[in-house]
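Data block below; observations after.
In each ligand, atom 1 is the first atom listed, and ligand 1 is the first ligand listed. Remember, predicted model here, so these are calculated numbers, not experimental data.
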Amino acid sequence: MSFTPFALERWQSTWEHRVRINLSESGVHALSVAELLSLAGDDSDDLLALPLSYGQSDGSDALRAEIARLYPGATPDHVTVTVGSAEANFSTCWTLFRDARRVVILAPTYMQIWGLAANFGVTVAPVWLRHELGWEPDLDEVRRAITPDTDVVVVTDPNNPTGHILSDAARSVVLEATRAAGAWLFVDEVYEGAEHHGTTTPTWWGTWERTLVVNGLSKAYGLPGLRIGWVVTPPELRARLLERHDYTVIGAGPLADHLAVRAVRHRDRIFDRTRDILNTNYPVLESWLQSFEGAFTWHPPECGAICFVRYAGGPSSLDLVERVRVQQDILLVPGDHFEMPGWLRLGFGNPTDQLREALDLLRPAVRTLLR
Ligand SMILES: Cc1ncc(COP(=O)(O)O)c(C=O)c1O
């Protein structure tokens, strides 16, 4: 069986720290340790005194309790702390896909779960969110796609790369069809808290007994370097998931766990910072896009520091981002990494001056490339 590599992550991992300006990120620029402690009203004494022993492998009781509070009806026994939401997704896929036949995935999406399904030999049935429907899926297509032999339905809500939040109507149809199939509902909620309008998207946790939700500190919390994620599952699934967790990373480190307790406890303050950055920066990007007078088409994102744009003419998106990387030393994400040629994902979570600088550098180059 051939192996499906994770093209987006390979691209970002290779270049994100080697370019002059990185516009490939989907979260806001990171908080420093000092900023996090200050937002949490904490000093560094406890942190400096922390023994660098192994942490509790599934997350400290304190952290799991903080996380459980975010999910109605959940207890710490529903929560597993992972090394990033990437590990939460990986351990979940390993657990669920071993015996799965067919997985329905709302796409475009972060391609980790899709790629893992392919690598575990499971049939992937995508349901495409439609630009012409404001990035909603066609609801009849959702009903048709979730067949009785569907074992898992995967949703990224809020969505990467579109920044769309699913409507209540789409949510109900996905839920209804997933319940009817008796399938697992696997929801990646990692962009929750980065809504531009300020209302946190309700979790899918609790909507159906076979629901599991993934989240983490990398996007709305601006703390990707902590490498903390989590998955909230029914306890019997958690037991199976932990068996996989033992084979992968053992657990996150105690430094990250300690800081994560403070981040989750004070998340409202952190989300305010995130939304300030998003609401300052999106207009800067929007007026830049508008200045190309029709060369770009897009829906303003509702969530996250990402804007997914279609461009007219020009080279393939893979070619375009490579030329921009080589010539301007700026990193963008090609639509091809979401199976959407002719599109680009632009990150705008950088410090505002840096975003302006990148867009100024890009302007003449993009005009030439799209000519
Ligand atoms: C939807 C989604 N899930 C998971 C991840 C992985 O994030 P992390 O492991 O940093 O939490 C990303 C990263 O871009 C993402 O976009």
Tell me whether the centres of the aromatic rings in [X] and [Y] are closer together than 6.0 Å.
| X | Y | value |
| --- | --- | --- |
| H337 | W343 | no |
| F338 | F308 | yes |
| Y110 | Y191 | no |
| F271 | Y221 | yes |

_Numbered atoms of ligand 1 (with element) below 4.0 Å of V190, judged on heavy atoms_ = 1 (C), 2 (C), 3 (N), 15 (C)

*What atoms in ligand 1 come closer than 4.0 Å to a heavy atom of Y191?*
1 (C), 14 (O), 15 (C), 16 (O)

*asked:* Check contact between E87 and ligand 1, using heavy atoms of the residue and a distance below 4.0 angstrom.
replied: no

[X] versus ligand 1: do any nitrogen or oxygen atoms come within less than 3.5 Å of each other?
| X | answer |
| --- | --- |
| T156 | no |
| A86 | yes |
| K219 | yes |

*Taking atom types as modelled and ignoring hydrogens, do the side chains of T203 and E189 form a donor-acceptor contact shorter than 3.5 angstrom?*
yes

_For atom 5 (C) of ligand 1, closest protein heavy-atom neighbour_ = Y110 CE2, 3.4 Å

*At what distance is the nearest protein heavy atom to atom 7 (O) of ligand 1, and which residue and atom is it?*
S85 OG, 3.5 Å

*Which of parallel (below 30°), tilted (30 to 60°) and perpendicular (above 60°) describes W135 and H299?*
perpendicular

*Please say which of D77, D58, T233 ends up in a side-chain hydrogen bond (donor to acceptor under 3.5 Å, both in side chains) with R238.*
D58

_Selected option - heavy-atom contact closest to atom 2 (C) of ligand 1, from D188, L223, L226_ = D188

*Please state which part of N89 comes within less than 4.0 Å of ligand 1, counting heavy atoms only: side chain, backbone, both or neither.*
side chain

*Indicate, as side chain, backbone, both or neither, the part of S218 found under 4.0 angstrom from ligand 1 when only non-hydrogen atoms are considered.*
side chain

